[in-house]
Amino acid sequence: MQLTKFVTRLLLLLGAFIVFTANAQAVEAVRVDANARAIDLTPMVEHYSSDGDIIQISTAPDKEGIVRRIAVKARDAGSRPDWIVFALTNDSDEQIDRLLVAPHFRLSGSGVIWPDLGSLRVAAITASQGIRPEREDNTEADAFVITLDPGTTVTFVAELGSPNLPQMYLWDPAAYKDWQNGHTLYKGIIIGIAGLLALFLTVVVVVKGSLVFPAVAALAWAVLGYACIDFGFLQRIFTISQSAEQVYRASAEAILAATLLVVLFAYLNLGRWHVRYKHMAWAWLLFLIALVAIASFDPAIAAGVARISIAVIVAVGFILVVNLATHGYDRAIMLIPTWLLLVAWTAAASFAVIGELSTDVVPSALIGGLVLIVMLLGFTVMQQAFSGGGFSLQPASDAERRALALAGSGDIVFDWNVISDKISISPELEQMLGLKKGTLAGNPASAWLECIHPFDRDRYRISLDAITEQRRGQLHQDFRLRSSADSYYWFRLKARPVVGGNGEVLRVIGTLIDVTETKMAEERLLHDAIHDNLTRLPNKQLFSDRLGTFLRIATADESWRPTVLTIDLDHFKKINELIGISAGDSVLLTISRRLSRLMRPQDTIARLGSDEFAIILLSEREPDRVVAFADMVRRAITTPITYADKEISLSASLGLVLYDPSTSVQANEVIKSAEIAVAHAKSQGGNRIEVFRPSMRNDLSDVIAMEHDLKRALAQNEIKLLFQPIVKLEDRTVAGFETILYWEHPHLGKLEPKDFIPLAEESGHIIEIGQLLLEQTAHELAAWQQALDVDPPIFATVKMPSRYLLRHELLQDVKSVITRAGILPGSLKLEFAESVVMENPEFATQLFQRLRDLGAGLSLDDFGTGYSAMSYLQRLPFDTIKIDESFVRQLSNGPSPVILSSIINLAAALGMEAVAEGTETESNAIVLYQLGCAYATGSAFGDPMTAQQARRLMGA
């Protein structure tokens with residue numbers, strides 16, 4: 001009884017807290033003035049998202065301050081719509097009737113990328129009290145009649161038909177009708193003018209057959225169609241769904257962009273300027289036509305691309321019109337007023353769609369402006385056509401053709417009057433250099449020569465003197481001119497001498513061409529030839545050249561003691577495999593910047609290979625200081641690098657070659673010695689510094705020979721498998737086998753994985769070994785399963801011997817092996833060490849889940865011997881846990897096996913089977929079975945055996 005009272009009080013307190021919270025968050029009511037024509041409710045509504053079909057809302061306080069909770073259910077079950085909430089207050093003594101209007105489409109704020117092309121906005125409205133709002137027929141908006149009783153505050157909950165609500169107004173019904181009538185009159189006038197204009201231009205096509213007239217007529221019809229859709233005229237004639245209206249609107253915008261492009265191309269006759277203009281225009285036009293088809297599937301994408309295309313066409317057209325007008329093209333000159341108006345219209349439309357211009361007048365004004373632009377364009381075309389404008393068809397003289405060709409080429413005219421020693425230059429050059437008009441004209445010594453780069457002046461003088469003395473020939477000269485910003489531009493002068501009747505040179509005349517981009521490209525090519533493309537550091541060629549120079553100087557100057565330091569990042573391939581090549585490039589850039597900050601001006605750092613750097617150290621001479629510098633380099637590399645909220649830890653093997661005057665001065669020999677020292681450091685486990693000693697050459701030979709033997713072993717099947725039985729402790733039957741890898745070396749005998757797996761990782765042969773391990777194990781497993789029909793089926797565990805096998809390509813290898821062998825799902829178990837998994841648990845989780853989907857089993861090896869996060873262990877889809885033999889050995893020591901028991905219980909709780917390794921005695925097997933361990937392997941159940949022995953054991 002006491003407990004019941006306590007629970008009741010607790011619920012009452014909780015309800016009071018909920019009511020208090022609801023009051024704190026209740027919607028603020030909007031006062032409705034009886035004399036107000038319209039109220040913009042858009043910024044006053046509150047938006048809500050619901051995970052279900054019911055939303056519970058706290059109402060606005062009434063005049064007594066009481067807040068109630070109401071629940072509203074969606075019209076359609078399972079729709080989970082968005083909601084808006086607003087409240088209205090009628091503090092007058094009369095009943096107020098208002099019209100709530102939410103337009104289906106609103107150009108202002110509709111957006112450019114994936115624009116909002118209109119849809120059903122308000123599906124239904126529920127009032128907290130009073131008369132239920134009723135929907136009115138309206139093809140352009142969602143309209144509801146709302147009645148507010150005197151002195152009431154009503155909270156309205158509206159179910160949205162789409163997530164967006166661009167605008168919502170509360171209108172006086174009479175004012176809304178007047179507003180509609182006024183806009184209808186305006187829209188009718190605009191549509192009438194647009195229709196007459198389109199009809200008139202179509203009739204003109206018959207009179208004038210030029211391409212520009214059909215283009216302008218098509219633009220007029222496109223504008224008419226767009227106006228009919230935007231003004232709702234088409235929706236009044238035909239019954240059109242919201243989705244179909246979006247398709248029509250997007251198609252109209254795409255057609256508008258296409259016709260505008262055709263008008264620009266046809267009027268300016270761009271096809272005659274260059275064939276590429278024609279190809280580009282056709283490609284663009286076909287793309288815009290394709291947008292009409294795309295609009296049927298995704299209107300938002302089509303409309304967004306069309307709007308961007310219109311802006312680009314207007315911008316490109318403006319540039320073309322201005323450029324051609326400055327060259328005296330009469331059609332472009334006549335088009336300037338119309339196109340300036342079009343640019344202004346485009347700017348206004350851009351501000352409208354991004355929401356900067358949001359008044360109701362803007363969309364209608366934009367349509368009217370578009371019709372006005374088409375009208376001006378039609379008048380311009382008519383004036384051009386009927387006034388006989390255009391290029392003259394009279395044949396030009398040779399001099400005129402040369403002048404036209406020179407003007408068309410855009411080259412700058414250079415004219416040196418030798419007699420008066422004056423230079424005349426086209427004003428385009430002074431504009432290009434940012435100089436005042438007339439700066440380069442006049443005496444060459446005072447103006448022209450001062451602008452030429454000091455290194456180019458003598459060569460320029462000699463060339464001019466030579467052509468004036470010889471009185472013939474052609475001048476080809478490249479030089480640099482200084483701009484007003486003190487930067488230099490490259491120009492190419494092509495000129496010839498003009499000889500008078502007395503045989504003297506009167507002038508040197510020719511053209512100047514801007515070749516700055518060509519020269520910069522040549523410089524980039526020269527730079528890239530001796531520098532690394534990613535880090536911009538010197539490459540191996542430049543490094544070797546500098547080292548050779550320093551070594552030759554050192555033979556003559558004892559103060560020079562160049563030290564070579566080679567840096568090889570350990571296991572860098574893993575970075576590219578696990579997190580991508582772009583992340584690897586980012587890491588390399590970070591390392592290069594860190595190392596560059598350690599350098600002094602006399603030192604050199606270079607990138608020799610993908611993950612190999614080298615340093616020529618001149619700033620330090622003493623061996624102990626050189627070694628200290630090398631350690632500073634190593635520590636700079638080992639500092640973790642942050643990439644995409646992850647820390648990447650690296651290590652590096654460093655090889656030092658100290659300067660020895662008695663050794664060879666060949667740069668290649670020194671670099672090779674440094675690489676040998678690096679190889680020796682990597683063979684010792686990496687992350688260390690090794691100073692080169694001549695004895696290392698023999699050690700390197702052994703490594704190379706071993707690598708060659710490994711390659712031969714893979715070709716001649718010297719890598720073999722043994723199979724260790726895994727026994728089911730309940731009945732001591734063989735449940736499966738664990739695959740053991742070894743190398744039968746012809747000279748060194750039997751080698752265990754730890755003797756050759758590190759070498760296989762460095763040489764890249766580890767992938768081949770992994771594939772061999774999978775294929776041979778699957779082949780034997782298939783033979784066992786075909787011979788033995790047991791339930792559960794016999795299984796085989798493959799221990800993946802390297803972290804490099806934890807990669808995406810493993811999925812394809814496993815899929816191929818399972819498909820070809822035809823083994824039962826889950827019977828081929830891939831075993832991964834706990835330490836390898838925890839290096840990148842996020843990646844391992846994704847990879848293991850996909851392996852599980854392919855039909856592979858998963859086993860976690862060495863569990864409990866290292867650090868592991870239990871949160872990841874729950875997410876990793878393992879079906880088996882291998883208990884390390886170190887825990888099994890504790891059974892012989894006497895104390896209670898607490899940790900072993902905990903591991904077995906943990907495996908059972910996670911739904912995994914436990915396999916105990918290293919079971920050597922029968923007593924150990926009994927204790928393991930009593931603790932709940934299902935499987936065990938070890939010498940107590942047999943030694944590793946060959947495939948033939950395993951088949952005989954299984955009776956296969």
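- The pair Asp879-Lys829 meets the salt-bridge criterion, since a charged nitrogen lies less than 4.0 angstrom from a carboxylate oxygen.
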Requested in this report: Show your working on side chain to side chain contact (heavy atoms under 4.5 Å, CB included) between Phe144 and Val122 and close with a plain yes or no.
Outcome: CA-CA 9 Å; Phe144 292 84; Val122 180; 3.7 Å; yes
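- Of the possible donor and acceptor atoms, one in the side chain of Ser350 sits under 3.5 Å from a partner among the backbone N and O of Thr346.
- Arg852 contributes a side-chain N or O that, together with a main-chain N or O of Pro877, makes up a donor-acceptor pair within less than 3.5 Å.
- The line from CG of Leu810 to CD of Gln812 is 10.5 Å long, rounded to the nearest 0.5 Å.
- Closest heavy-atom contact between Ala257 and Ile313: O-CD1, 3.3 Å.
- You'll find the ring centres of Trp171 and Tyr176 inside the 6.0 Å limit.
- Taking the side chain to side chain donor-acceptor pair (under 3.5 Å) definition, one finds that Asp40 meets it with Thr42, sequence neighbours left out.
- In this structure, the side chain of Tyr48 does not engage the main chain of Ile55 through any donor-acceptor pair within 3.5 Å.
- Side-chain contact check for Ile881 versus Glu913: every heavy-atom pair is 4.5 Å or farther apart.
- Every salt bridge (charged side-chain N to carboxylate O under 4.0 Å, His left out) that Arg135 has, sequence neighbours left out, goes to Asp142.
- Residues Ile367 and Tyr226 form a side-chain contact, since some pair of their non-hydrogen atoms from C-beta on lies under 4.5 Å apart.
- The shortest non-hydrogen separation linking Asp149 to Gly130 is OD2-CA, 4.3 Å.
- Remark: the backbone N or O of Asp97 is not paired with any side-chain donor or acceptor of Thr147 at under 3.5 angstrom.
- Applying the side-chain contact (heavy atoms from CB on, under 4.5 Å) rule to Asp76 yields the partners Ser79; only residues at least two apart in sequence or on another chain are considered.
- In plain terms, the two heavy atoms of Pro115 and Ala300 that are nearest each other are CD-O, 3.1 Å.
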Report task. Applying side chain to side chain contact (heavy atoms under 4.5 Å, CB included), run through Met168 and Leu100 and close with a yes or a no. Result -> CA-CA 7 Å; Met168 190 168 72; Leu100 185 71; 3.6 Å; yes
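- A centroid separation of 6.0 Å or more is found between the aromatic rings of Phe832 and Phe878.
- Remark: Asp91 engages Arg31 in a side chain to side chain donor-acceptor pair (under 3.5 Å) (not counting sequence neighbours).
- The minimum heavy-atom distance linking Val814 with Ala856 is given by the pair CG1-CB, 4.0 Å.
- Of all heavy-atom pairs between Ala352 and Leu366, the closest is CB-CD1, 4.0 Å.
- Here the side chains of Gln180 and Asn138 are in contact, with some heavy-atom distance below 4.5 Å.
- Residues satisfying the side chain to side chain donor-acceptor pair (under 3.5 Å) criterion with Ser902, sequence neighbours excluded, are absent altogether.
- We find the CD1-OG1 distance between Ile57 and Thr126 to be 11.5 Å, quoted to the nearest 0.5 Å.
- In this structure the side chain of Val145 reaches within 4.5 angstrom of the side chain of Glu136, judged on heavy atoms.
- Considering only residues two or more places apart in sequence or on other chains, Ala36 meets the side-chain contact (heavy atoms from CB on, under 4.5 Å) condition with Asp33, Ile39.
- Going from atom OG1 of Thr152 over to atom CG of Asn90 covers 5.5 Å, rounded to the nearest 0.5 Å.
- By the side-chain contact (heavy atoms from CB on, under 4.5 Å) test, Leu370 pairs with Val223, Leu256, Trp345, sequence neighbours left out.
- For the pair Ser128/Arg68, a side-chain contact is recorded, criterion being any heavy-atom separation below 4.5 Å from C-beta on.
- When side chains are defined from C-beta on, Ile191 counts as touching Cys228, because their heavy atoms get closer than 4.5 Å.
- Shown here for Ser364 and Tyr186, the closest heavy-atom pair between the two residues is O-OH, 2.9 Å.
- We find the OG-NZ distance between Ser859 and Lys882 to be 5.0 Å, quoted to the nearest 0.5 Å.
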Query raised in the report: Going through the checks in order, is the side chain to side chain contact (heavy atoms under 4.5 Å, CB included) test met by Thr880 and Met912?
Result: CA-CA 5 Å; Thr880 305; Met912 303 179 187; over 6 Å; no
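- Pairs passing the salt bridge (Lys or Arg N to Asp or Glu O under 4.0 Å) check and including a residue from residues 164-185, sequence neighbours excluded, read Arg98-Asp172.
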Please list, one pair per line, the donor and acceptor atoms closer than 3.5 Å that link side chains of residues 153-163 to other protein atoms, with sequence neighbours excluded.
from   : atom 1 : to     : atom 2 : distance (Å)
Thr153 : OG1    : Thr89  : OG1    : 3.2
Thr155 : OG1    : Ala60  : N      : 2.8
Glu159 : OE1    : Arg75  : N      : 3.0
Ser162 : OG     : Ser119 : OG     : 3.1
Ser162 : OG     : Leu120 : O      : 3.4
Ser162 : OG     : Arg121 : NH1    : 3.3
Ser162 : OG     : Asn164 : O      : 3.2

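- With values rounded to the nearest 0.5 angstrom, Asp853 atom CG is found 11.5 Å from Lys815 atom NZ.
- The local environment of CG in Asp93 is sparse, with at most 12 non-hydrogen atoms from other residues, nucleotides or ligands closer than 6.0 Å.
- Not a single side chain to side chain donor-acceptor pair (under 3.5 Å) links Asp298 to another residue, sequence neighbours left out.
- With values rounded to the nearest 0.5 angstrom, Leu148 atom CG is found 6.0 Å from Ile96 atom CD1.
- Proximity of His47 to Leu165: side-chain heavy atoms (C-beta onward) are separated by under 4.5 Å at one or more points.
- Contact check for Leu811 versus Leu851: side-chain heavy atoms found under the 4.5 Å cut-off.
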Query raised in the report: Run the side chain to side chain contact (heavy atoms under 4.5 Å, CB included) check on Leu260 and Val314 step by step: do they pass?
Result: CA-CA 9 Å; Leu260 186 61; Val314 172; 4.0 Å; yes
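- For Ser901, the side-chain contact (heavy atoms from CB on, under 4.5 Å) partners are Asn905, Leu931, not counting sequence neighbours.
- Residue pairs satisfying the side-chain hydrogen bond (donor to acceptor under 3.5 Å, both in side chains) criterion with at least one member in residues 299-311, sequence neighbours excluded, are listed as follows: Ser110-Arg307, Glu253-Arg307.
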